[in-house]
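Computation of the quantities below employed the complete heavy-atom set of this structure, encompassing side-chain atoms and omitting hydrogens, waters and symmetry-equivalent molecules. Lettering follows sequence order; numbering is per chain, from 1.
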Amino acid sequence: MNKYRSHNCGELTINEKDKKISLSGWINKKRDHGNLLFLDLRDNYGITQCVIENSHSQFKEIEKLALETVIKVEGKVILRSKETINKELNTGEIEVSIVSFEVLGKTKELPLPIFSDQEYSEEIRLKYRFLDLRRKKIHHNIILRSKVISFIRNEMQKLGFLEFQTPILTSSSPEGARDFLVPSRLNPGKFYALPQAPQQFKQLIMVSGFDRYFQIAPCFRDEDARADRSPGEFYQLDLEMSFVEQEDIFEVVEKLMISVFKKFSNKKILYEKFPKITFEETMLKYGTDKPDLRNPLIINDLTEIFKRKDVSFDIFKKLVNKGSIVRGIITKNTKDKPRSFFDGIDKWAKEQGASGLAYFTIEKDSEIKGKGPVGKFFSPDSLSEIMKISNADVGDSIFLACGKKSEVEKILSLARDKIANELKLINNDSFAFCWIVDYPMFEEDEKTKRIIFSHNPFSMPQGNIKNLDFSKPLEIKAYQYDIVCNGIELSSGAIRNHIPELMYKLFLVAGYDKKTVDLKFSGMINALSFGAPPHGGIAPGIDRIIMLLAGEKNIREVTMFPMNQNAQDLMMNAPSEVNDEQLKELNLLIKKNK
RNA sequence: GGGGGUGUAGCUCAGUUGGUUAGAGCGAUCGCCUGUCACGCGAUAGGUCGAGGGUUCGAGUCCCUUCACUCCCGCCA
């Protein structure tokens, strides 16, 4: 017999009628009627109402206990009368008549209430995370996280994957995000880096012949935070497969995502066969490589319209002459929207740093015409052409952006979200997955004009690898793909380049000579030289999957002990200074800044 | 590194064009109450209005500086 409890706070029902039981938990809420006291006892499993009357010798004592005190209650299960049944609780048909109780853990005055739906400042929540985590919603999010991870592990094993751990102390990599560095005591002046992802290790596991690997892998990147990006660390479902093509990986991941999302959410999965969209197409139609396919708005290129003689919108025409492009978003049947709606969008665009969005509505009396500030600049013919290109009807409106390609893409991508939200076009009760495929292998750095890897230097280029044209590197596409859900990038993956000679050639394009590659990626290059299987993989972000399943917009709501935006742990007081002895051992000197 | 928002009681917030002693709800403390489940009723305590400086007869309110939290841009192969 357990010393503290015979049952938990979520399991007593009419089946335990008249039984003598014991419960332990936190005092969630008291309702004190003076001569009769109701006390809700809470633990991980639920809430049970306990009741005590003033005839009891300990009545005055229990009346004084503060909320969140941990107590053990011994008592008898009694049925509630019909009128007093609480249907909100699993245990709502019974209550426990307290025979005796014992205080197990006292509490000081609470810095935040536990029993409340109010929102609290992040500072206080993170400092007292252990209290915050007692609160219902986040408590359940964390339990959901545990269940999802267990389920994924199980599914991966069923799919024939083996789970392995890879080193946490590894080497710094020249590509990618900023590394977290760890000084080495035994090797003065040298540093380990925490892995940004187990990228090289998982490829080495394939070379080692294990065929299918997965890991719920911690990844460390020293980059600034966002709502969906914790500073410091996050988790990926890292997986890699041998002897596969892109489609084989898609098949595994689609199967896994559908089973996870069906098991843990009631929301509808819009496309069970995830649509594949090329990088080029998504940048045109959605302005981003992480499109939210729940949003029906589509971007169209209208640059040619502004080269016509019967269009007199001179501001845009001049810009187009100098090489700018024009793209637009059609909104269906918005002719009756007030002027404030359109001006609001334009004003919002200016706040986002764009030069604004021009707009007009397509109307028709004797002939088609544009109504709105710039509508008069378009001839009926040119309007017909716009309607043809963008599938617009009379009564629809159009928002136009003009500028450099990257600027237009960015503002219209944001505008798609903004306008769809304003017009309530997004169905929140659904998941829309898609694959983004055919990423370019290289891109041009906007500032330096140098050729750089656009994603992963280890990706396999597409085409006949025996005679790739390295003189036009920007035209080379890679077997590189992303999986996106509801506008959130869940993961990048690729078929890897397992041919050292080819890798040297690609690195040379990006400005790394053979010597540098041998030095920086020695482990990798060396391994690929001893019989490497063709292989590829992907690494969906666990935290973002849980966010989607829990319907949360902020990653801290699904992370047990997150850091704040400045990468500080307010509860554990990290990072912190270390003493001189530690520094000396590590051969480190701290430069004092005034 | 840059831009926006917020900062008033333990917690969540209100506080008018600058004007007397800065308020409410929850929580705490004390008292009343035998069927509540956000129990109800009454009282009490609790404030460096984030910090510093300035303008003014007078600043929670206006100005400057600064700090903290947060959202976004940059960054995130």
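With sequence neighbours excluded, the residues satisfying side chain to side chain donor-acceptor pair (under 3.5 Å) with Thr516(A) are Asp513(A). Partners of Phe279(A) according to the ring-ring contact (aromatic ring centres under 6.0 Å, His included) rule, which considers only residues two or more places apart in sequence or in another chain, are Tyr439(A).
Listed nucleotides: C37(B), C30(B), C75(B). Nearest to the side chain of Arg178(A): C75(B). Considering only the side chain of Glu109(A), G27(B) comes nearest among C75(B), G35(B), G27(B). Here the side chain of Asp224(A) is nearest to one of C33(B), G74(B), C76(B), namely G74(B).
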Return all side-chain donor-acceptor pairs below 3.5 angstrom for residues 58-77 of chain A, not counting sequence neighbours, or 'none' if the list is empty.
unit_1, atom_1, unit_2, atom_2, d
Glu68(A), OE1, Arg42(A), NH2, 3.0
Glu68(A), OE1, Arg134(A), NH1, 2.9
Glu68(A), OE2, Arg42(A), NH1, 2.9
Thr69(A), OG1, Ala66(A), O, 2.6
Lys72(A), NZ, Lys3(A), O, 2.9
Lys72(A), NZ, Glu74(A), OE2, 3.4
Glu74(A), OE1, Ser100(A), OG, 3.2

Using distance only, find each side-chain donor-acceptor pair of residues 113-120 of chain A under 3.5 Å and give its atom names and separation, not counting sequence neighbours.
unit_1, atom_1, unit_2, atom_2, d
Ser116(A), OG, Gln118(A), N, 3.0
Ser116(A), OG, Tyr120(A), OH, 3.0

Without placing hydrogens or testing angles, list every side-chain donor-acceptor pair under 3.5 Å for residues 10-17 of chain A, not counting sequence neighbours.
unit_1, atom_1, unit_2, atom_2, d
Glu11(A), OE2, Asn8(A), N, 2.7
Thr13(A), OG1, Asn15(A), N, 3.2
Thr13(A), OG1, Asn15(A), ND2, 3.3
Thr13(A), OG1, Glu16(A), OE1, 3.4
Glu16(A), OE1, Thr13(A), N, 2.8

Contacts under 3.5 Å, N or O only, protein and nucleotides 11-15 of chain B:
unit_1, atom_1, unit_2, atom_2, d
U12(B), OP1, Ser121(A), N, 3.0
U12(B), O4', Gln118(A), OE1, 2.9

Between the protein and nucleotides 39-43 of chain B, are there any N/O to N/O pairs under 3.5 Å, and if so, what are the atom names and distances?
unit_1, atom_1, unit_2, atom_2, d
C39(B), OP1, Lys29(A), NZ, 3.4
C39(B), OP2, Arg31(A), NH1, 3.1
C39(B), N4, Asp32(A), O, 2.1
C39(B), N4, His33(A), N, 3.4

Find every protein N or O atom lying less than 3.5 Å from an N or O atom of nucleotides 5-7 of chain B, and list the pairs.
none

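Listed by first then second residue, pairs satisfying ring-ring contact (aromatic ring centres under 6.0 Å, His included) with a partner in residues 472-507 of chain A read Phe250(A)-Tyr481(A), Phe453(A)-Phe507(A), Phe507(A)-Tyr512(A), Phe507(A)-Phe521(A), not counting sequence neighbours. Legend: salt bridge (charged side-chain N to carboxylate O under 4.0 Å, His left out) pairs involving residues 484-502 of chain A, not counting sequence neighbours, sorted by first then second residue: Glu240(A)-Arg496(A).
Using a 4.0 Å cutoff on non-hydrogen atoms, the parts of residues 66-90 of chain A near RNA chain B are Arg80(A), Thr84(A), Asn86(A), ordered by number. Using a 4.0 Å cut-off on heavy atoms, the residues of residues 553-568 of chain A that approach RNA chain B are Asn554(A), Arg556(A), Asn564(A), Gln565(A), Asn566(A), Gln568(A), listed by number.
When Watson-Crick and G-U wobble pairs are counted only if both distances are under 3.5 Å, G18(B) pairs with no nucleotide at all. Base pairing of C33(B) is not made with any nucleotide, judged by Watson-Crick or G-U wobble geometry with both donor-acceptor distances under 3.5 Å.
You'll find a donor-acceptor pair under 3.5 Å spanning the side chain of Arg229(A) and the base of C76(B), going by distance alone. For Glu123(A) against U70(B), a side-chain-to-base donor-acceptor contact under 3.5 Å is absent.
Atoms CD1 and OG, from Ile476(A) and Ser459(A) in turn, are 12.5 Å apart once rounded to the nearest 0.5 Å.
For the C1' atom pair drawn from C26(B) and G40(B), the interatomic distance equals 15 Å after rounding to whole Å.
At a threshold of 4.0 angstrom between heavy atoms, the contacts of Glu53(A) include nucleobase atoms, whether or not backbone atoms are also involved.
Under the 4.0 Å criterion applied to side-chain N and carboxylate O atoms, Arg178(A) and Glu223(A) are assigned as salt-bridge partners.
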